[in-house]
Structure formats: structure tokens, C-alpha cells
Number of protein chains: 2
Amino acid sequence: MPEDVFKALADPTRRHILDELADRSGQSLFEIRARLATKHGLGMSRQAISQHLAVLEAAELIRTRRQGRYKFHDLNTAPLERLVTRWLRTDAAEDNR
Amino acid sequence: MPEDVFKALADPTRRHILDELADRSGQSLFEIRARLATKHGLGMSRQAISQHLAVLEAAELIRTRRQGRYKFHDLNTAPLERLVTRWLRTDAAEDNR
DNA sequence: TTGCCAGGCAAGCCGTCACTTGCCTATTGT
DNA sequence: ACAATAGGCAAGTGACGGCTTGCCTGGCAA
């Protein structure tokens, strides 16, 4: 299940989205779109970012909460923590995967 | 340049290769191919794995050393270390990328 | 030397992915 | 009520990625 995390992190635009959510939590789709455009020069359609957010949500890298007609996105760093340590630990070899 | 690391990690076969090299360092192409086949049930062509190794080497996740007609592969965990910490540190925000 | 073995190069196929476009639903403001 | 706003749901397109196949090169052993 957390195998999708790698796939989600593969795209640079999605990594920029994570950067934005790390900088300011609880942003809406249009906010993210605006900040990607101004700060990173990414002029993408609204739907493109919506699909990226769907991928990130499926990988559980972001959590969403609806509020009226707004949908706010929050970063969830939990899947990131034991992701790379899989190869970093050179001591006791326990196959926990 | 370490942006390719994410792309390299996106493929499950490549992650299995890293697992193998983490388990036994300095394996050759045919060794890796054999162990992927037996331990993970991956019956892939030699060339497929060669291409995967090329991607991993381009991302500097493995280092290679030629010795006669053999080419040995070693895991290099250096690019992995400050990869995920980009989103994990919630303290001082320095844009080092 | 001759043959075998480890590996590289290049083209081609096919599936997946990122992105767009068009249309539709729901909620808020006037 | 009506219009504007925030977002969702497809379907279609172009490009990239993984894998195969075929041929070629360098090193080692008999």
C-alpha cells in the first residue's frame, strides 16, 4: 500500500505541491494553483492539479477536509518516515516489509 | 541533479535491486538477475535489468567498478539521506534546492 | 586461436502518465 | 432566484518509460 508513495513522489509538480503544503498548511485547490504559478512558474490547468492532489491523497501524503464548497488540503508526513530507512539501516536486518 | 533520485525510486523493480544490493554488496548483473528471479519471481531479460542499473547509476544510487569482464555494483545510500527530510523538518525553512 | 561468457548499443512495441478540454454538481453571495 | 465560485467526472491526446529483440564488443578459458 505505501508502494504508491514512491510513484506519487516521482512527479516534480507533486513534490512542489508538497512543498507548498509544507509551507502553508490547509490550502485549497485554487490557492495551490496560484502559488504554483507565481512561485514556480507552472501554468497548469485546474484539472491537472486536481489530479495531482488525487494521487497524493491516494498515497496518503495529504489529508483533505471539506468545508462548504472549499476543500482544504493538509500535508501528512507519516508515510515518508519509514520510506528511505529501508536501505539506510545497515545494522540488524529485519524484513519488516 | 538529485531530482532523478525520485524517478529512479519510482519503479518497484529498481527498489528490489536496491534491496538486493543492500543485502549483498558488489553483485554482478547476472547475479542480480538470478536473485530477482528466484527471490521475487521476476523473470526479466538481461537487458531490462541492465537498463534499470543504468538509471540507478545515473541517480548515483549505485556505484560500479569494472574488473575484467565483470562489472560489480555497490549501493550508495548518500542520495537517500536528505531526500525525505525536505518535508519532515517543520522548523526552520531554508530553500536549499 | 577459437569459442564462450559478461555486458553494451540501438531500435521497436506497448502501456502508463501528465495534461487538456468540455460538461456537470454543489455551495455561497447579491 | 440567479449568477458566480470551488470542485468533480469523464474522454482524448501526446509523450515518456519499461521491456523485448537482435546484433555487436571485450575478456577469459580450453
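Spacing between atom CG of A:Asp11 and atom P of C:dA18 amounts to 5 Å, rounded to whole angstrom units. Between the CD1 atom of A:Ile17 and the C1' atom of C:dA18 there is a distance of 12 Å, rounded to whole Å. Rounded to whole Å, the distance from CZ on A:Arg46 to C1' on C:dA18 is 16 Å.
A donor N or O paired with an acceptor N or O is not found under 3.5 Å between the base of C:dG7 and the side-chain atoms of B:Arg66.
The side chain of A:His52 contributes an N or O atom lying less than 4.0 Å from OP1 or OP2 of C:dC19. Within the structure, every side-chain polar atom (N or O) of B:Ser28 is placed at least 4.0 Å from both OP1 and OP2 of C:dA6. Side-chain N/O atoms of B:Arg14 include one lying less than 4.0 angstrom from OP1 or OP2 on D:dG18. The phosphate of C:dT27 has neither OP1 nor OP2 within less than 4.0 Å of any side-chain N or O from A:Lys71. At least one side-chain nitrogen or oxygen of A:Ser45 sits closer than 4.0 Å to the OP1 or OP2 atom of C:dT20. Residue B:Ser50 places at least one side-chain N or O under 4.0 Å from the OP1 or OP2 atom of C:dG8.
Under the 4.5 Å side-chain heavy-atom criterion for grouping Ile, Leu, Val, Met, Phe, Trp and Tyr, A:Leu83 is connected to B:Phe6 within one hydrophobic cluster. Hydrophobic clustering of Ile, Leu, Val, Met, Phe, Trp and Tyr side chains at less than 4.5 Å, counting indirect connections, keeps B:Leu21 apart from B:Val55.
Of the two residues near DNA chain C, B:Glu31 and B:Gln51, the one whose nearest nucleotide lies more 5' is B:Glu31. For A:Thr13 and B:Leu29, each mapped to the nucleotide of DNA chain C holding its nearest heavy atom, the one lying further toward the 5' end belongs to B:Leu29.
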Under 3.5 Å, which donor-acceptor pairs do the side chains of residues 27-36 of chain A form with other protein atoms, sequence neighbours left out?
unit_1	atom_1	unit_2	atom_2	d
A:Gln27	NE2	A:Glu20	O	3.2
A:Gln27	NE2	A:Arg24	O	3.1
A:Ser28	OG	A:Phe30	N	3.1
A:Glu31	OE2	A:Ser28	N	3.0
A:Arg33	NH1	A:Met44	O	2.0
A:Arg35	NE	A:Glu20	OE1	2.6
A:Arg35	NH2	A:Glu20	OE1	3.0
A:Arg35	NH2	A:Asp23	OD2	2.6

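Listed nucleotides C:dT20, D:dC19, D:dG7 differ in distance to A:Phe30; the shortest reach to its side chain belongs to D:dG7. The side chain of A:Gln47 sits closest to D:dA10 out of D:dA10, D:dT20, C:dG8.
Using a 4.5 Å heavy-atom threshold, the side chains of B:Leu9 and B:Leu18 count as touching.
The closest donor-acceptor contact from the side chain of A:Asn76 to the backbone of A:Arg63 lies at 3.5 Å or more, if one exists at all.
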At a cut-off of 3.5 Å, list every protein nitrogen or oxygen paired with a nitrogen or oxygen from nucleotides 26-30 of chain D, distance to 0.1 Å.
unit_1	atom_1	unit_2	atom_2	d
D:dG27	N2	B:Arg69	NH1	3.2

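The two atoms that bring B:Ala59 and B:Pro79 nearest to each other are O-CG, 4.0 Å, heavy atoms only.
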